[in-house]
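One structure is given here, and the rest of the page talks about it.
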Amino acid sequence: MTRKSKDVYFAEIADLVSSRSTCMRNQVGAVIVKDSQILSTGYNGAPKKLPHCEDVGCIREELGVKPGERHELCRGLHAEQNAIIQAAFHGVSVNGAKVYCTTRPCSICTKMLINAGIHEIIYIEEYEDELAAQLVKEAHLNLRRVEIARKYGRNSK
């Protein structure tokens, strides 16, 4: 038996985390890791104690908003945002950590990851966002794609 690389291992965990998503359009998961230890996880969905999109409908679908546009027209938070928030909620610093995401982060999440002190983003699926790519370059973040066989998340955004 061949042992999985750490990148594959943590990316597969991010994929599993995405299975908790309540988004009707795409399931995304994120895992923040430092020194090979998981600090926090997050998936996309509505804030705590609020109805989920799968229960009340998708505002973006109703308005015909295209993927990648008008992120503010969504009741949910992104997986990366929830992972950062969970770490902060529990008093865990993510400064100097890596994030494993099922989808390459959007520009909003990229800005948050930069300010949280994340130094590397490892993702499974591409997500085209020119501003996010520019921000990664300017911030000198390491950005890598890893390939796994996705078992849980949907393959669209």
Side-chain angles (χ1 to χ4, degrees), residues 6-7 10-11 13-50 52-53 58-61 63-148 150 153-157:
K6 288 181 182 178
D7 282 345
F10 290 121
I13 292 172
D15 187 42
L16 176 61
V17 170
S18 77
S19 69
R20 290 281 303 148
S21 170
T22 58
C23 179
M24 298 170 63
R25 295 178 83 165
N26 192 25
Q27 294 177 307
V28 179
V31 178
I32 298 178
V33 176
K34 187 172 183 179
D35 299 326
S36 299
Q37 298 296 310
I38 295 173
L39 301 179
S40 68
T41 66
Y43 53 87
N44 54 332
K48 290 180 182 180
K49 300 181 183 178
L50 295 183
H52 297 284
C53 299
C58 176
I59 298 167
R60 295 170 61 81
E61 285 294 320
L63 297 175
V65 178
K66 295 178 185 175
E69 297 179 3
R70 306 291 313 270
H71 293 287
E72 76 280 5
L73 294 176
C74 180
R75 67 184 299 110
L77 290 107
H78 290 188
E80 303 90 339
Q81 294 168 344
N82 272 325
I84 292 168
I85 291 166
Q86 282 304 305
F89 184 84
H90 293 287
V92 176
S93 173
V94 298
N95 188 32
K98 301 177 183 184
V99 65
Y100 289 82
C101 307
T102 56
T103 304
R104 184 174 172 170
C106 71
S107 57
I108 294 169
C109 290
T110 299
K111 291 184 278 188
M112 293 179 73
L113 292 166
I114 291 167
N115 276 4
I118 299 294
H119 72 87
E120 186 168 21
I121 300 169
I122 300 101
Y123 66 96
I124 300 168
E125 295 177 0
E126 192 59 63
Y127 179 70
E128 294 298 326
D129 185 325
E130 290 181 28
L131 178 56
Q134 179 183 339
L135 294 168
V136 164
K137 187 175 181 179
E138 289 177 22
H140 305 290
L141 286 178
N142 293 321
L143 178 71
R144 296 186 289 118
R145 187 173 184 178
V146 64
E147 291 195 28
I148 68 164
R150 292 210 55 197
R154 292 179 222 146
N155 293 322
S156 64
K157 190 167 186 180

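All values below come from the heavy atoms of this structure, side chains included, with hydrogens, waters and symmetry mates left out. Bear in mind the structure is a predicted one, so any value in this text is a computation, not a measurement.
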Strictly distance-based, threshold 3.5 Å: is any side-chain N or O of [X] a donor or acceptor partner for the main-chain N or O of [Y]?
| X | Y | value |
| --- | --- | --- |
| Thr102 | Ala14 | no |
| Arg145 | Tyr123 | no |
| Asp129 | Cys106 | no |
| Asn44 | Ser21 | no |
| Arg104 | Glu125 | no |
| Lys34 | Asn95 | yes |

Search all heavy atoms of [X] against all heavy atoms of [Y] and return the closest pair with its distance.
| X | Y | value |
| --- | --- | --- |
| Ala83 | Ser40 | O-OG, 2.7 Å |
| Cys109 | Gln81 | SG-CG, 3.8 Å |
| Ala116 | Ile84 | CB-CD1, 4.2 Å |
| Thr103 | Val28 | OG1-CG2, 3.9 Å |
| Gly45 | Thr22 | CA-OG1, 3.7 Å |
| His119 | Gly96 | CD2-O, 2.7 Å |

Looking at [atom1] of [X] and [atom2] of [Y], how far apart are the two atoms once the value is rounded to the nearest 0.5 Å?
| X | Y | atom1 | atom2 | answer |
| --- | --- | --- | --- | --- |
| Tyr43 | Ser19 | OH | OG | 9.5 Å |
| Ile124 | Ile148 | CD1 | CD1 | 3.5 Å |
| Leu135 | Ile114 | CG | CD1 | 5.0 Å |
| Cys101 | Tyr127 | SG | OH | 13.0 Å |
| Ile85 | His90 | CD1 | NE2 | 11.5 Å |
| Leu131 | Ile108 | CG | CD1 | 9.5 Å |

Problem - Any side-chain heavy-atom pair of Tyr100 and Ile13 under 4.5 Å - result: no
Practice task
Can you tell me which residue pairs pass the salt bridge (Lys or Arg N to Asp or Glu O under 4.0 Å) test with a partner in residues 68-79, sequence neighbours excluded?
Solution key: Arg70-Glu72
Handout entry: All pairs passing salt bridge (Lys or Arg N to Asp or Glu O under 4.0 Å) where residues 13-22 contributes a residue, at least two apart
Key = Asp15-Arg150
Handout entry: Intermediate values then yes/no, side chain to side chain contact (heavy atoms under 4.5 Å, CB included), Arg144 and Asp7
Key = CA-CA 10 Å; Arg144 296 186 289 118; Asp7 282 345; 2.5 Å; yes
Practice task
Return the set of residues passing side-chain hydrogen bond (donor to acceptor under 3.5 Å, both in side chains) with Glu128 (not counting sequence neighbours), or none when no residue passes.
Solution key: none
Exercise for the section: Might you work through the side chain to side chain contact (heavy atoms under 4.5 Å, CB included) test for Arg25 and Arg60, ending with a clear yes or no? Expected result: CA-CA 9 Å; Arg25 295 178 83 165; Arg60 295 170 61 81; 2.9 Å; yes
Exercise for the section: Evaluate whether atom CD of Glu130 has more than 12 neighbouring non-hydrogen atoms of other residues, nucleotides or ligands under 6.0 angstrom away. Expected result: no
Handout entry: Parallel, tilted or perpendicular, as decided by the 30° and 60° cut-offs, for the rings of His78 and His71
Key = perpendicular
